[in-house]
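Report on the structure given below.
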Amino acid sequence: MQMVELETAGIVKRFGTLVANDGIDLSVARGEVHAVMGENGAGKSTLMSILYGMQAPDEGSILLRGQEVRFRSAVDAIDHGMGMVHQAFKLFNSLTVWENVVYGREPRRGPALDRRAAIAQVGALAERFRLSVDPTARVGDLSVGVRQRVEILKALYRDARILILDEPTAVLTPQERDGLFDVIRTLKADQRTILFVTHKLHEVMAITDSVTVLRQGRVTERMATRDTTPAEIIRAMTGRVVNLTVDRKPATPGAAVLDVQGLTVGTGAKPVVDKLSFRLHAGEIVGIAGVAGNGQTELIEALTGLRRPDGGRVTLSGRDVTEADVEAHRAAGLAYVPEDRAVTGTARAASAADNLLMGYQRKAPFTEGLRLNAKAVAEHARRLIGRFGVKIADETVLVGTLSGGNLQKVVIARELTHQAPLLIAEQPTRGVDVGAIEFIHAELVAERDRGRAILLVSAELSEILALSDRILVMYEGRILADLPAGAADEDRLGLLMAGRTGQAA
Amino acid sequence: MDFISAFMVNSTVQAITPILLAALAGSLCARVGVFNIAMEGQLLIGAFCAVAGSHYTGSAAVGVAAALVGTVVFSLILAYGATVFRGDAVVICIGMNLLASGLTAYLLRQLFGVSGVFSDPNIAELAKIRIASIQSIPWLGWIVSRQTVLTYLSWALTALVAYVLYRTPMGLRLRGVGEDPEAAGTMGIDVRRYRVVTVLAAGALTGLGGAQLSLGTVGIFSEDMSAGRGWIAVVAVMLGRDNPLLAALACVLFGIADALSVKLQAQGLPNQLTDIVPYVVTLAALVISYRRKRGTRLA
Ligand SMILES: Nc1ncnc2c1ncn2[C@@H]1O[C@H](COP(=O)(O)OP(=O)(O)OP(=O)(O)O)[C@@H](O)[C@H]1O
Ligand SMILES: [Mg+2]
């Protein structure tokens, strides 16, 4: 029997009438990796922020190694050996890695900051836990995966015994995720305890020792990972059976909706997007696979009007939109689910109704002369909230308080209901629960069958494989391969994504 | 070559002092995320308090002390307004500039019974320090010697501010507070306290600047005598991108441009034309730094 490191008893947290945590008992053994699962809005992040002292519970208690503790703030929790990596990193981009890590607890020499000692300490810590980071690099120059390591280093520098990771893999590439898992194993070997929030079942099966499942703020199940199956976890989360495979008929592509010819972004010998050409037809889903940083972001920016290309031609529904801005793209027939739901995808300080209206505001029946028709707006919002299962009190709630997955559903709902011929979807299911993934996937296929052209960008190879009729593999700004769905599998894509064409023939 | 005389170099160095001190203040405030554009008013309050203190006691040192206290008290408006009361710094600063202008004009009338300009033999000026070993060296003697103690201090403070910002734990924390107050808060930093203390320290710096303005050459106070120096300091802060050393460099540049305009005037060019030289330099510098900063991303 292992020692219990962390326990909670009857944690309750209310937001107005909504009960986000409804009497949660949690028990986590020392040195284990403990998954916390549950649908969007089940109360996972709320529980984590209570454990990290950012919110005070309305009822219940926290026991750390058998001692009751009451955190007054996150700093207080840190002093008790808690560490947390938030989904939105809390880093100073203009500062270096070591400055970020030692911030607030700097080694000193006289009145001055002991730079050399700080770099040495951070370097040693990174080496010990296999977090490969250059302590002197500027955080703003680092990739998402490395920034996450900096966050982990910050917690370890403060000697965190318990590390909370809230959806840490949502923003990672598969390679970066494997790196994170190595780090988690090293931490575990050092008898540190890890709380791991995720929606991805294969990750739970791969890395965790036990699972606590939440549903509507309550614990529905506790299980040892080795004694359970993904299907059982899903049932505990949703109370039903979820179909993990996507049912779809072969595509029947129509006329070209998007025609990209020689698109170039960036200048010099090696532009980020390098004379790239492809066509996307009505009634097909084309997936873009590739290791992050091979020009996908820039390609999408150029296709949506967020960035002006440096060469080539883009035609959307017969109109030349190469030089057009976002509004003109939308007018020509573009719907867009951006990668970052919180910054680009929604206005956090606006209500759900306003967020769901955006882009329709000049259309009937929402506008009458100069006035907005409030009733039509509210009805529209209620209809989408119901159809997409957004967990929200009503349509007037500001979206800033929504859980991550529910925010994503707001963006999806809005963009899918635009009857635009082209839909560009970047990471459409990032952070949403399995039930919602099933639903969003089915909606995307239904939209395809209605004759829409869909360009899908996803870091999840399984998602690309499940949905795409055609897969384009991007490597160093070019399309390395254009495969029909039947010809692709994870292994072959993996090789292509690494830039190897020879073996794949 | 005698295009610019040694004496003129001396007065240029002296004229830079208040702008430099204000620019240091502005850089510090920017570093903690408070956009301070009240330096114009802060200099004016400092100048007034210095003259008042000096006039009543006959001591320039007391004048400087009065300027320090007066400006720090005046800066409480920004320190608390932009933090505890969550006001918009720009709006507060505009108010402070207007208040400083009106308040000093009013007090001038009430305390000294004059309007416009106040000069009086009782006002003790700051002494010019002569450094015997350097004084006789041509040029250098005029730059480094025969300056007020505040001028020396302002350059020492430039070094100190840079040292604190880039070499000490407190400086690291300050920079973090300005870049992302929320992140700093989660690391246990009391963001509000850091901001209040920094804004008050900046107040002290501008107080010294004000004292130099009114006691540095001839002991005199005239209404709105800061005459745009606070605004030039704002531009220096922006050009220096919140780096005190670069801001100091910008101040030197302005000083030279200013001296140049005086020189051109002496050469017979109409003063309407020569007066614009410092502003042309400012605009040119802004445009150049803007072009360097610009990225390609549109949205
Ligand atoms: N500050 C807040 N004010 C009001 N309601 C909130 C607040 N924070 C969370 N909630 C609500 O509490 C519920 C639980 O949210 P929480 O973020 O814990 O969900 P979650 O399980 O992390 O979901 P996801 O998987 O989507 O991240 C949601 O309905 C959310 O809208
Ligand atoms: Mg969450």
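Throughout, a chain's letter reflects where its sequence line sits, starting with A, and its residues are numbered from 1.
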Counting heavy-atom pairs under 4.5 angstrom with chain B, the leader among E106(A), E99(A), K90(A), M84(A) is E106(A)
Assert top hit (heavy-atom pairs under 4.5 Å, partner chain B, pool N93(A), D76(A), D79(A)) equals N93(A)
Counting heavy-atom pairs under 4.5 angstrom with chain B, the leader among P111(A), G110(A), S94(A), A118(A) is S94(A)
TODO: Determine whether the side chains of Q55(A) and S49(A) contain a donor N or O and an acceptor N or O closer than 3.5 Å.
DONE: yes
The interface call for Y163(B) against chain A, heavy-atom contacts under 4.5 Å, is side chain
- Task: Measure from the side-chain N and O atoms of R147(A) to the backbone N and O of G140(A), and report whether any donor-acceptor pair falls under 3.5 Å.
- Result: yes
Within residues 153-165 of chain A, the residues sitting under 4.5 Å from chain B by heavy atom, in sequence order, are K154(A), R158(A)
Residues passing the side-chain contact (heavy atoms from CB on, under 4.5 Å) test with D114(A), sequence neighbours excluded, are P107(A), R109(A), R116(A), A117(A)
- request: Check whether any side-chain N or O of N97(B) sits under 3.5 Å from a backbone N or O of I37(B) as a donor-acceptor pair, and report yes or no.
  value: yes
Contacts of F74(B) meeting ring pair (Phe, Tyr, Trp, His ring centres under 6.0 Å) (sequence neighbours excluded), chain-then-number -> none
| request: Assess whether side chain to side chain donor-acceptor pair (under 3.5 Å) is satisfied between T17(B) and T151(B), documenting all intermediate values. | output: CA-CA 6 Å; T17(B) 304; T151(B) 295; 2.9 Å; yes
If we ignore angles and hydrogens, is there a donor and acceptor under 3.5 Å between the side chains of D166(A) and S45(A)?
-> yes
Taken in chain and number order and not counting sequence neighbours, the residues that satisfy ring pair (Phe, Tyr, Trp, His ring centres under 6.0 Å) with F71(A) are H80(A)
Bottom line for I189(B): the part with an atom under 4.5 Å from chain A's heavy atoms is side chain
